[in-house]
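A quick write-up on the structure given underneath.
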Amino acid sequence: MPAESVDAIVMNGERGEQRSYTLATEDRPYRRLVERMSEGAALVGADGLIVYANDRLASLFGVPLERLLGGPFSDWLDEPERASFIEQVVAGRSGHSEHTARRLDGTAMPVLVGMSAPEESSGSLRSLIVTDLSQQKAQQQQVHRLNVKLTDQLAELQRINSDLEEAERLLTHQTLHDPLTGLPNRTLFLDRLEQSLAATPRTGDPVTVFFIDLDAFKQVNDTLGHTAGDRLLQEVAERLSAVVGPNDTVARSAGDEFFVLTVGPISGLPVALPDRLLGALHQPALRVGDVTVTASIGLAVSYEGVAPEQLLREADAAMYHAKRAGGARWERFGLRLRDEMRHRRTAELQLRKALAGGGVRVLYQRVVDLADGRPVGAEALVRLRRSHGGLRRSHGSLLSPTKFIPTAEESGLVLPLGQQVLERACEQPLRWEHTSGHPWYVSVNVSPRQLAEADLVAEVSAALAAAALPADQLRLEITESALLNVSPRVLTILNELRALGIRIGVDDFGTGYASMAYVRHLPLDFIKIDQSFVFGMDHDVHDLAMVEATLTLSHRLGLESVAEGIETEAQWHQLRDLGCDAGQGFLFARPTSSRLVCAEQPAVGTSGR
Ligand code: C2E
Ligand code: MG
Ligand code: MG
């Protein structure tokens with residue numbers, strides 16, 4: 001725009017002719033202002049043609065000012081927006097609107113166009129203020145982009161957070177539940193039991209705990225594998241859960257032990273529930289392969305002041321009782337069991353004391369060759385010294401193994417006990433040999449738990465080495481019931497023991513109510529006929545038949561036969577005539593101290609019973 005005097009502006013008329021307007025005196029300062037504005041400014045007529053524009057507008061559109069003047073302002077807008085703009089100009093509506101302007105070079109530029117309505121004084125001209133929004137838009141876009149990014153990051157954070165919460169929830173669940181069955185575990189069960197017991201003084205509702213244990217689970221695991229065992233446990237979990245009430249808790253403690261907790265009056269649910277639980281596990285029968293699994297259930301009802309662990313122990317004791325009575329039944333903890341538990345605790349204490357304080361004695365009972373009565377070995381039979389009575393040297397003050405071996409077995413104390421007996425027994429045969437001038441063997445009883453849990457091969461090797469005893473002078477007797485369902489692990493142990501040169505035999509043969517066929521598959525050297533058959537042999541045909549069958553079997557399998565409990569000459573001769581190889585019994589010798597084993601006459605009155 002040519003420089004004019006500040007009091008007039010020259011504008012292009014509608015037909016291109018130049019017209020000059022004289023500015024009112026009071027408007028003059030504003031013109032300067034308009035010339036210096038950072039926004040583009042223009043005046044357009046009602047027809048939309050630009051009659052005035054400032055330099056800034058020209059530079060915004062990238063054109064010389066002359067090119068702007070006289071042309072329609074709308075030409076500088078994007079095609080689709082022109083119509084509405086023109087309409088606004090024609091209408092003379094004041095207001096702001098955003099548009100996309102096109103520069104001369106074709107580039108787009110967002111603009112804000114502010115229009116003020118025409119005034120008489122300005123000859124109906126509309127003034128336009130054009131603001132370049134490029135920078136603002138770019139900033140807005142950046143803010144938008146940042147916003148999007150932030151939203152994304154926020155969502156990611158929320159995801160991480162909820163993942164964390166889920167992980168935490170899972171962890172809590174895992175620490176309180178059994179992964180195999182999904183049931184609450186022992187910790188959660190005890191927690192619920194504690195809460196229920198805490199509520200009893202207020203509610204008056206007794207709490208009943210059930211201790212459920214499968215009767216042949218070990219057999220399933222050992223013979224059919226862990227997968228079969230796992231499936232069985234899942235089935236048990238489902239069956240138990242199906243018969244309890246909605247407020248009862250079914251939990252899996254460990255192995256094949258399940259707990260149930262119920263709150264309610266004793267005359268109601270808890271009485272019916274044991275039958276329901278047992279029924280759920282027995283009908284239809286739980287079968288895995290060809291093994292039918294039953295369950296033993298013990299229950300205990302709360303009383304004032306009982307601790308959760310105590311109640312559980314009582315239910316456990318009742319379960320154990322049910323198991324000992326043959327399994328597949330339920331038993332309630334009562335006064336009788338409380339007494340039994342007390343006895344067992346006393347026996348256990350006595351056993352611990354004996355083990356620690358030299359209270360374990362080992363007596364030996366001769367085994368003779370039935371052909372001539374000549375001693376060939378002796379069986380080691382353990383005793384406990386009674387801690388009271390002071391008759392320490394008398395055998396009469398010794399406690400019989402039938403009184404403490406079950407407790408030792410239950411408590412696991414049979415492991416250290418068995419080891420002590422083994423070590424001491426191994427020291428004897430060479431002494432007897434030295435005294436008598438001929439070789440002896442010693443026969444040691446091994447409990448089922450030793451077989452399953454002790455490192456028997458290592459213990460036996462160590463005992464033999466310590467006593468410098470040749471392996472063929474040691475025998476191990478394993479009671480029949482422990483050999484009925486032998487796991488692959490136990491079979492390996494038996495084979496390894498025999499590989500050492502030790503003889504292995506089955507004790508109390510015939511008492512396990514099993515078919516005799518199982519012995520064929522075991523690495524055995526001798527069979528011991530149980531004394532009950534020897535006692536009955538001369539008056540009970542079944543006992544005699546049993547003895548005869550056992551002797552036939554052992555001959556067929558090439559096993560040595562040993563009879564125990566021989567008390568009369570008649571029994572001796574009968575057994576000898578039936579082909580029994582060796583025997584022991586009060587007729588030949590009672591269990592006695594090692595020193596007296598190879599004396600010519602066994603000491604009278606040294607009763608082992
Ligand atoms: P068992 O191995 O069958 O031992 C034979 C039992 O019959 C012994 O009883 C013995 O004293 C008794 N006996 C021997 N001859 C006669 C007889 O002519 N008449 C009568 N009435 N009884 C006779 P004991 O010593 O009381 O042992 C009982 C059971 O305790 C043993 O039966 C054995 O199973 C177990 N036992 C003994 N010592 C040990 C041991 O060190 N470890 C383990 N795990 N068990 C042992
Ligand atoms: Mg024995
Ligand atoms: Mg026996």
Side-chain angles (χ1 to χ4, degrees), residues 351 354-355 359-368 370 377-384 395-396 398-426 428 441-454 456 459-460 463 474-483 503-512 526-537 546-547 550 561-572 575 582-594 597 602 605-609:
L351 197 59
L355 274 167
V360 176
R361 275 208 71 184
V362 187
L363 302 185
Y364 300 88
Q365 183 179 36
R366 270 191 198 189
V367 180
V368 304
L370 287 188
E379 177 175 5
L381 293 161
V382 70
R383 302 286 181 270
L384 278 201
H395 292 160
L398 296 177
L399 199 62
S400 150
T402 53
K403 295 271 191 299
F404 62 84
I405 289 287
T407 309
E409 183 81 18
E410 271 165 46
S411 60
L413 288 173
V414 80
L415 302 179
L417 179 71
Q419 194 177 1
Q420 268 197 31
V421 174
L422 177 73
E423 283 166 5
R424 279 200 247 166
C426 283
Q428 312 311 321
Y441 65 76
V442 71
S443 203
V444 177
N445 293 287
V446 171
S447 91
R449 211 158 156 179
Q450 274 176 283
L451 200 57
E453 292 172 33
L456 212 52
E459 279 181 19
V460 164
L474 174 65
R475 292 184 173 205
L476 298 182
E477 298 181 11
I478 300 157
T479 188
E480 177 171 47
S481 52
L483 290 176
R503 307 253 155 88
I504 294 178
V506 47
D507 201 357
D508 309 327
F509 189 76
T511 58
F526 65 95
I527 289 184
K528 255 186 149 171
I529 303 170
D530 191 65
Q531 54 190 28
S532 60
F533 302 111
V534 175
F535 293 155
M537 210 170 50
M546 187 69 194
V547 172
T550 308
S561 48
V562 186
E564 61 184 19
I566 304 172
E567 295 188 350
T568 66
E569 298 248 342
Q571 287 166 343
W572 173 13
L575 283 163
Q584 65 193 87
F586 296 169
L587 176 69
F588 307 107
R590 285 180 180 259
T592 181
S593 70
S594 169
V597 166
T606 54
S607 166
R609 298 224 118 196

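Given the structure is predicted, the values throughout are model-derived calculations rather than measurements. Numbering of ligands and ligand atoms starts at 1, following listing order.
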* Tell me, please, which residues at least two apart from I405 pass side chain to side chain contact (heavy atoms under 4.5 Å, CB included). =>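 Per chain and number, I405 pairs via side chain to side chain contact (heavy atoms under 4.5 Å, CB included) with V382, P401, L417.
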* Among R503, E379, E477, K528, which residue meets the side-chain hydrogen bond (donor to acceptor under 3.5 Å, both in side chains) test with S443? ->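 Of R503, E379, E477, K528, side-chain hydrogen bond (donor to acceptor under 3.5 Å, both in side chains) with S443 is met by E477 alone.
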* To do: Test Q584 against every option in Q365, E564, Q531 by the side-chain hydrogen bond (donor to acceptor under 3.5 Å, both in side chains) rule and name the one that passes.
  =>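 In the set Q365, E564, Q531, the residue that makes a side-chain hydrogen bond (donor to acceptor under 3.5 Å, both in side chains) with Q584 is Q365.
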* Mark yes or no for whether E567, through its side chain, and F535, through its backbone, hold a donor-acceptor pair below 3.5 Å. =>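 Judged by distance alone, no pair lies under 3.5 Å.
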* Is it true that a side-chain atom of Q420 and a backbone atom of P416 form a donor plus acceptor pair closer than 3.5 Å? ->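 Checking the backbone N and O of P416 against the side chain of Q420, no donor-acceptor pair under 3.5 Å is found.
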Is [X] touching ligand 1 with its side chain, its backbone, both, or neither, if touching means heavy atoms under 4.0 Å apart?
| X | value |
| --- | --- |
| K528 | neither |
| I566 | backbone |
| L363 | neither |
| F535 | side chain |

Do [X] and [Y] touch side chain to side chain, with heavy atoms closer than 4.5 Å?
| X | Y | result |
| --- | --- | --- |
| L370 | F588 | yes |
| V367 | Y441 | yes |
| L422 | L474 | yes |

Atom pair [atom1]/[atom2] of [X] and [Y] - distance to nearest 0.5 Å:
| X | Y | atom1 | atom2 | result |
| --- | --- | --- | --- | --- |
| I504 | F526 | CD1 | CZ | 8.5 Å |
| I529 | T511 | CD1 | OG1 | 12.5 Å |
| L381 | L398 | CG | CG | 12.0 Å |
| F404 | L351 | CZ | CG | 7.0 Å |
| L456 | L451 | CG | CG | 6.5 Å |
| R449 | S411 | CZ | OG | 7.0 Å |

Taking 4.0 angstrom as the limit and counting only heavy atoms of [X], give me the atoms of ligand 1 inside it, by number and element.
| X | result |
| --- | --- |
| P591 | 11 (O) |
| G585 | 15 (N), 18 (O) |
| Q531 | 7 (O), 12 (C), 13 (N), 22 (N), 23 (C) |
| D508 | 3 (O) |
| E564 | 3 (O), 5 (C) |
| E567 | 17 (C), 18 (O), 19 (N), 20 (C), 21 (N) |
| D507 | 1 (P), 2 (O), 3 (O) |

* Nearest to atom 46 (C) of ligand 1 by heavy atom, L587, T479, T402, N445: which? ->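 Looking at heavy atoms only, N445 sits closest to atom 46 (C) of ligand 1.
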* Can you give me the OD1-the Mg ion (ligand 2)-OE2 angle for N445 and E379, to 10°? ->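 Between OD1 of N445 and OE2 of E379, the angle at the Mg ion (ligand 2) is about 90°.
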* Of all heavy-atom pairs between E459 and A454, which one has the smallest distance, and what is that distance? ->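 Minimum heavy-atom separation between E459 and A454: OE2-CB, 3.8 Å.
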* **Metal environment of the Mg ion (ligand 3), protein N/O/S under 2.8 Å** =>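 You should have found D507 OD1, D508 OD1, E564 OE1, E564 OE2.
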Is [X] in polar range of ligand 1, meaning some N or O pair under 3.5 Å apart?
| X | result |
| --- | --- |
| V414 | no |
| Q584 | no |
| V421 | no |

* To do: Take every heavy atom of G418, measure it against each atom of ligand 1, and state whether any distance is under 4.0 Å.
  =>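 Under 4.0 Å: no for G418.
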* Asked: Under a heavy-atom criterion of less than 4.0 Å, does R590 contact ligand 1?
  ->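 Contact check R590 vs ligand 1: negative.
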